[in-house]
Structure formats: C-alpha cells, structure tokens
Amino acid sequence: MPELPEVETVRMGLEPVLTGQTFARVTTHRADLRFPFPENFAKRLTGARVMRLERRAKYLIAHLSTGEALLMHLGMTGRFHVQAKGEAVAHLLGDYEYETGAQPKHMHAVFDMRGGARVTYADPRRFGYMLLVPDAELAEHALMRGLGVEPLSDDLTPAYLARRAVGRRSDLKAFLMDQRIVAGLGNIYVCEALFLAQLRPSRPASVLATRGGKPTVHATRLAAGIKAVLKAAIAAGGSTLRDYRQADGSTGAFQNTFQVYGREGEPCVRPGCRGIVRRSTQAGRSSFYCPVCQH
DNA sequence: AAGAACTCCTGTTGGC
DNA sequence: TGCCAACAGGAGTTCT
C-alpha cells in the first residue's frame with residue numbers, strides 16, 4: 001500500500017507520541033508478520049526510549065536508547081494507529097470485537113508508551129514487518145544498503161536519472177519501481193510522475209540517458225514530476241485506496257487528485273488533450289497512462 | 001547478471 | 001445469493 005508519501009505521513013503522525021518517549025509495554029498477538037518478530041521483541045523494547053523516528057524509502061526507523069533501531073515496513077496493508085489515553089477505538093473494531101472486547105482482527109502488535117499513549121499495528125495481508133537491528137549496522141543492513149536516492153533530496157537530479165538509465169533494457173515503469181534507483185516510489189506515484197513528465201510507462205528507460213553532454217529533457221521532466229507528485233501527496237496526507245490511514249485514523253486526500261491512476265476510460269485531464277486514459281499490465285502490475293500526451 | 005516470474009497473505013470486487 | 005477469478009499500495013527469492 002503505502003508508498004513514500006503515506007509512510008512519511010504516518011511518520012509525522014507517530015513522531016509526537018514516540019519521539020522522546022519510552023516503551024512501557026509491548027504486546028504481539030502472533031509470532032510473525034512477513035518475517036517472525038525479533039527474538040524477545042517485547043523485552044528488547046520495554047524501557048527503551050525513542051531518540052528519533054526517521055523515514056528512509058518506505059521504511060520507518062525508530063532509533064532507540066538501547067543502541068538498536070526498530071526497522072518497520074508497512075507492506076501493502078500495514079497500518080499504525082495512535083490512541084490517546086482513554087480514546088475509544090470503535091471505528092477500528094468490527095461488531096464482534098466491539099461487543100466482546102476481543103482484539104480487532106489483524107491487530108498484530110500494541111505499543112503502550114509511558115504516559116499513556118498507545119500505538120497499534122494492524123496488517124491484514126501481513127506483508128509488513130518489524131526488525132531490530134544494531135544502529136551501527138543499519139547502514140550496511142541488506143535492506144538498506146542497496147537503496148537508491150531519496151527522491152525529495154537533492155540527490156535526485158536529471159543527471160542522476162540519466163546516469164542510472166544508461167544501458168538499461170527495462171521500461172520506465174520497472175526502472176522507477178526499482179527501489180535501488182529511486183527509493184520510495186510505488187505503483188501509484190510512478191504512474192502519476194510519468195504522466196507529469198509526459199512519458200509512457202512502456203518507453204525504454206534508456207530514453208533518459210544522456211549521450212555525452214547534458215541530461216535529456218525527459219530526465220529533467222521526470223525528476224521534476226517525481227518531486228512534484230510526492231510533495232503534493234504528502235501535503236494531502238497521502239492517498240487512501242482501501243487500507244491506508246494516517247496515524248490518527250483519518251484518510252488521505254491525494255486519491256482525489258490522481259491524474260491517471262485508476263482512471264481507465266476517463267478523459268485525460270491535461271488541458272486540450274483529447275486522450276482517454278488506458279490501463280496496461282507491466283510485470284503483473286497495472287499502469288495507467290494517456291496514449292495521446294504521453295510518449 | 002539484468003530482468004521477468006513467482007511468492008507470501010487476506011480482502012474486495014465484478015462477472016456469470 | 002453463490003462461486004470463482006482477477007486484482008490490490010510491496011518486494012525478496014528464484015528462475016531464465
């Protein structure tokens with residue numbers, strides 16, 4: 001589910017209740033998500049203080065006073081929710097849970113902080129996971145080491161895209177979905193960024209590559225399109241399709257602003273363009289694009 | 001060795 | 001209403 005804007009929105013929601021706060025009690029309701037919870041997960045967290053909560057790519061990373069880092073990924077359907085002390089959670093519960101007091105289905109972990117705030121993690125598909133990694137080893141961890149540039153940093157430039165695209169055989173869609181190139185994009189924002197750049201998802205990535213001199217106009221437009229769509233999505237609180245919620249339970253709003261994603265058969269929104277948005281399948285995932293203004 | 005296919009898991013939706 | 005197939009925001013692993 002969550003791509004960079006959603007993870008960043010969740011990070012901002014969790015920050016005030018986690019940063020500087022100490023875990024009082026940690027409960028898991030099953031042994032594993034995508035991977036098993038770390039050995040002695042609750043024990044290693046209890047009493048630990050969160051020094052800093054950062055996002056890298058689609059990962060949330062809580063740096064702890066114990067010298068470990070709690071590395072979290074939401075997969076497709078992971079949701080963190082913050083409850084203030086005593087806050088009702090009826091909107092998270094089905095009738096059965098509400099009436100019996102049972103844990104909501106798919107609520108796999110509960111973090112109680114000293115001071116009373118509670119953070120819960122739910123994840124129906126369980127593609128998410130949590131790991132504990134020594135802080136000193138984090139940068140070299142297998143999941144972190146190969147990650148590409150942060151798209152909202154100054155590292156993402158037309159020249160960077162042009163350089164990484166040299167000799168690529170894959171299409172632009174696969175190129176941008178590859179976390180080793182640009183970290184944090186997913187299906188939605190790749191489609192939207194390619195629309196803004198007026199590039200077709202099926203174009204070979206090598207169209208970005210420079211021949212000697214300057215980056216191509218494609219690379220320039222694409223770098224700008226990626227940054228623009230991500231910034232706008234963060235400002236809107238992310239995109240809610242099904243499962244995604246901000247940490248306070250509210251939905252994002254950026255799905256109302258999609259230019260092509262999920263708009264198959266609808267007219268292209270670009271002024272003056274008479275195209276009809278098309279859907280195609282690439283690497284088993286849907287791509288949406290305007291066949292008239294994206295080349 | 002890059003790139004595509006398959007895999008994990010559950011829920012929802014659309015067609016018949 | 002029921003049943004089944006297709007599909008969903010990700011990405012590690014296995015294949016070719």
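Proteins get letters first, then strands, A, B, ... in listed order; numbering begins at 1 in each. Since this is a predicted model, take the numbers as computed values, not measurements.
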Please confirm whether the shortest side-chain N or O distance from [X] to OP1 or OP2 of [N] is below 4.0 Å.
| X | N | value |
| --- | --- | --- |
| A:Ser286 | C:dA8 | yes |
| A:Lys105 | B:dG11 | yes |
| A:Arg285 | C:dG9 | yes |
| A:Tyr261 | C:dG9 | yes |
| A:Lys58 | C:dG9 | no |

Measure from [atom1] on [X] to [atom2] on [N] and round the result to the nearest Å.
| X | N | atom1 | atom2 | value |
| --- | --- | --- | --- | --- |
| A:Met177 | C:dG10 | CE | P | 5 Å |
| A:Asp123 | B:dG11 | CG | P | 11 Å |
| A:Arg169 | B:dA2 | CZ | P | 12 Å |
| A:Tyr129 | B:dC9 | OH | C1' | 15 Å |
| A:Asp178 | B:dA4 | CG | C1' | 13 Å |
| A:Leu33 | B:dC8 | CG | C1' | 12 Å |
| A:Gln255 | C:dG9 | CD | P | 14 Å |
| A:Ile188 | C:dC7 | CD1 | P | 17 Å |

Between [X] and [Y], is any pair of side-chain heavy atoms under 4.5 Å apart?
| X | Y | result |
| --- | --- | --- |
| A:Met72 | A:Phe80 | yes |
| A:Phe254 | A:Pro5 | no |
| A:Leu70 | A:Val133 | no |
| A:Thr28 | A:Tyr121 | no |

Among the candidates [options], find the nucleotide nearest to the side-chain atoms of [X].
| X | options | answer |
| --- | --- | --- |
| A:Tyr59 | C:dG10, C:dA8, C:dG12 | C:dG12 |
| A:His106 | C:dG9, C:dA8, B:dG11 | B:dG11 |
| A:Ser170 | C:dG10, B:dT10, B:dG3 | B:dG3 |
| A:Arg168 | C:dG9, B:dT10, B:dG3 | B:dG3 |
| A:Arg34 | C:dG12, C:dG9, C:dA8 | C:dG12 |

Mate of B:dC9 across any strand shown (Watson-Crick or G-U wobble, both atom pairs under 3.5 Å) is none
Under 3.5 Å on both distances, the Watson-Crick or G-U partner of B:dG15:
C:dC3
Taking atom P in both C:dC7 and B:dA5, compute the distance separating them and give it to the nearest angstrom.
14 Å
Span that lies between the C1' atom of B:dG3 and that of C:dG9, in whole angstrom
22 Å
Is any side-chain N of the basic residue among A:Arg30 and A:Asp32 closer than 4.0 Å to the acidic one's carboxylate O?
yes
Could you walk me through whether A:Arg55 and A:Glu150 pass salt bridge (charged side-chain N to carboxylate O under 4.0 Å, His left out), step by step?
CA-CA 10 Å; A:Arg55 179 195 57 74; A:Glu150 277 294 319; 3.0 Å; yes
Which part of the nucleic acid, if any, lies within contact of A:Phe254, taking any heavy atom under 4.0 Å across all strands shown: a base, the sugar-phosphate backbone alone, or nothing?
nothing
Along DNA chain B (nearest heavy atom to each residue), the more 5'-positioned of A:Pro124 and A:Gly284:
A:Gly284
Both A:Asp171 and A:Arg126 contact DNA chain B. Taking the nearest nucleotide for each, which residue is further toward the 5' end?
A:Asp171
Under 5.5 Å centre to centre and under 30° between planes: does that hold for A:Phe127 and the six-membered base ring of C:dG10?
yes
